Amino acid sequence: MSNDGNSNDGNTDPRAAFGFETRMIHAGAQPEPVTGARQTPIYQNTSYVFHDVDHAASLFNLQTFGFIYSRLTNPTVAVLEERLASLEGGRGATCCASGHAAQILTFFAFMEPGDGFIASNRLYGGSITQFGKTFKKFDWHVTFVDVDDPDAVRAAITPKCKAIFVESLANPGGVVSDLESLAAIAKEAGILLIVDNTMATPYLCQPFNWGADLVVHSTTKFLSGNGTSVGGGVVDSGTFDWAQNDKFKGLTAPEPAYHGLSFYETFGDMAFTTHAHAVGLRDLGPTMAPMNAFQTLLGIETLSLRMERHCANAAQVARYLEAHPAVAWVSCAALESSPYHELARKYLPRGAGSVFTFGLKGGFDAGIKMVESCNLFSHLANIGDSRSLILHPASTTHRQLTEEQQIAAGAGPDVIRLSVGLETVDDLIADLDQALAALD
Ligand SMILES: *Cc1c(COP(=O)(O)O)cnc(C)c1O
């Protein structure tokens, strides 16, 4: 299978050789065979009639692919899964209720009580809380590491460690992970590299090209692109050897609920994706609603166009802020001044995304005043909307972290996060300009 993002040789569908923009619109979808409906229908439906008892038995035994019950699979969600897999250059995808659900589904496939994994200390604040606090209840243990330091990553790998988890482009701080070198470390240790590609999207970054094994998404953000639908997904490259050591018994050992089949032996490069549906969604239950899959598919149809404008607007706003006297610093990988500029040119050649942070000389109080003074930028906790958004993380998304964790995550008291939208850029700069003037 080629992972160059423009072809997918492992897929026998001839359309898999099409370019990225063509696959944004067509991958996974066909005219509906009964009515000819061209847009993917919303199958607002829970269950599917069996042809006969033998058909039902083969579906339940995982001998035939098909639809049984929408907790496991749904035709609208299945189109989104194929589309996401195609855009990432992966083998299969599993969509679910949110980005956080995707992270639980991902780890659930191979973690046992007592196991651990390494995660970047610069992640979306919600992920730091989910990994550091809630995962402990499953007896899963995270070690947060500065992933810019390869020696620190190697030193944190223990016999119980199953994976390294990073964001390609970190939320919020304009930090770019060195995916190729992290993949080499993971490969040497026989563990997974899992990349959260939410902020970059597959249009800006293709983690599988650099050796990642699994990609997770919050489809809530740029993929849906319009602030309507919470959702998530995990894409499998299909290239990880689950049997290379005894760490991944969840996928290699006999599964009693399915007559002792081993997912890896039976499904090969579809082992993870089949397991995520047949065990993960079956037993954890965080299903994506068909309506949300439909909204997300609509969003993906324009992904490349939106990301180009997001990136261009964000770079212009960042340059404006960098020159403003009330601004202490701007952390945006699009700027030449960023220590991550070179990594961005390598991993995000089409643009460094539209979410970045800057610091106000006036600190915490100025941060609060700034978000309250904006008119066009909406003060809310989301990113990746067509509308421009502003947030003061220390008083909102990152308030559950200690100040030390806030600073490590790039979300200290003086920090403002922007998600630059698709509006006329001069209007966005004018709005920030009047809000900054109000700080004096
Ligand atoms: C929003 C976000 C998540 C969590 O996704 P939800 O859909 O809100 O559950 C995970 N990672 C990143 C980078 C995010 O921005």
Side-chain angles (χ1 to χ4, degrees), residues 77 80 84 88 93-108 117 119-135 142 144 147 163 165-177 179 194-205 207 212 214-235 284-289 291-293 295-296 299-300 307 310 314 333 347-348 352-357 380-385 389-391 393 396-398 400-401 409-411 417-421:
V77 178
L80 176 60
L84 204 50
E88 288 287 1
T94 310
C95 285
C96 54
S98 66
H100 270 12
Q103 291 174 181
I104 293 193
L105 269 187
T106 300
F107 285 99
F108 178 73
F117 67 99
S120 167
N121 60 3
R122 279 162 302 195
L123 295 178
Y124 169 66
S127 298
I128 293 180
T129 307
Q130 185 191 41
F131 294 168
K133 296 212 165 106
T134 299
F135 274 20
V142 66
F144 291 112
V147 297
F165 184 100
V166 299
E167 292 173 3
S168 45
L169 176 63
N171 180 355
V175 171
V176 181
S177 298
L179 299 180
I194 306 171
V195 177
D196 182 339
N197 203 28
T198 297
M199 296 254 295
T201 80
Y203 183 66
L204 298 181
C205 180
L214 299 171
V215 163
V216 296
H217 276 286
S218 167
T219 61
T220 314
K221 315 291 170 52
F222 294 98
L223 291 176
S224 73
N226 46 39
T228 57
S229 303
V230 174
V234 48
V235 188
L284 298 174
T287 304
M288 176 180 265
M291 182 66 181
N292 285 19
Q295 300 275 25
T296 307
I300 290 175
M307 293 315 289
H310 275 301
Y347 293 111
L348 304 145
S354 94
V355 179
F356 67 89
T357 53
L380 58 76
N382 191 20
I383 56 168
D385 198 321
L389 315 173
I390 189 166
L391 188 78
T396 53
T397 50
H398 286 62
Q400 283 155 10
L401 308 184
R417 180 182 81 186
L418 298 183
S419 175
V420 178

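Remember, predicted model here, so these are calculated numbers, not experimental data. As the structure lists them, so they are numbered: ligands from 1, and atoms in each ligand from 1. Nothing fancy with the numbering, it's 1 onward along the sequence.
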What are the atoms of ligand 1, with element, lying closer than 4.0 Å to any heavy atom of Ser98? 7 (O), 9 (O)
How are the rings of Phe107 and Phe165 set to each other: parallel, tilted or perpendicular (split at 30° and 60°)? tilted
I need the nearest protein heavy-atom contact for atom 13 (C) of ligand 1: residue, atom name and distance, please. Asp196 OD2, 3.3 Å
Residue, atom name and distance, where the atom is the protein heavy atom closest to atom 14 (C) of ligand 1: Lys221 NZ, 2.9 Å
Going by the order shown, which atoms of ligand 1 are within less than 4.0 Å of some heavy atom of Gly99? 5 (O), 6 (P), 7 (O), 9 (O)
Just do the side-chain contact (heavy atoms from CB on, under 4.5 Å) check on Leu80 and Ile300 with the steps written out, would you? CA-CA 9 Å; Leu80 176 60; Ile300 290 175; 3.6 Å; yes
Nearest non-hydrogen contact to atom 8 (O) of ligand 1 from the set Ala200, Ser218, Ser168 belongs to Ser218
Would you mind listing which atoms of ligand 1 come within a distance below 4.0 Å of any non-hydrogen atom of Gly231? 7 (O)
Give the atom numbers and elements of ligand 1 that come within less than 4.0 Å of a heavy atom of Ile383. 15 (O)
N or O contact, Tyr124 vs ligand 1, cut-off under 3.5 Å: no
Between His398 and Ala411 the two heavy atoms that sit nearest each other are CD2-CB, 3.4 Å
Just one of Val215, Thr94, Val234 clears the side chain to side chain contact (heavy atoms under 4.5 Å, CB included) bar with Thr106, so which one? Val234
Ligand-residue contact atoms, ligand 1 with Thr220, heavy atoms, under 4.0 Å: 7 (O)
For the atom pair OG1 (Thr201) and NZ (Lys221), what is the distance rounded to the nearest 0.5 Å? 13.0 Å
Going by the ring pair (Phe, Tyr, Trp, His ring centres under 6.0 Å) test, name the single residue among Tyr203, Phe222, Phe356 that passes it with His310. Phe222
Closest heavy-atom pair, Thr287 versus Ala97, reported as atoms and distance to 0.1 Å, is O-CB, 3.5 Å
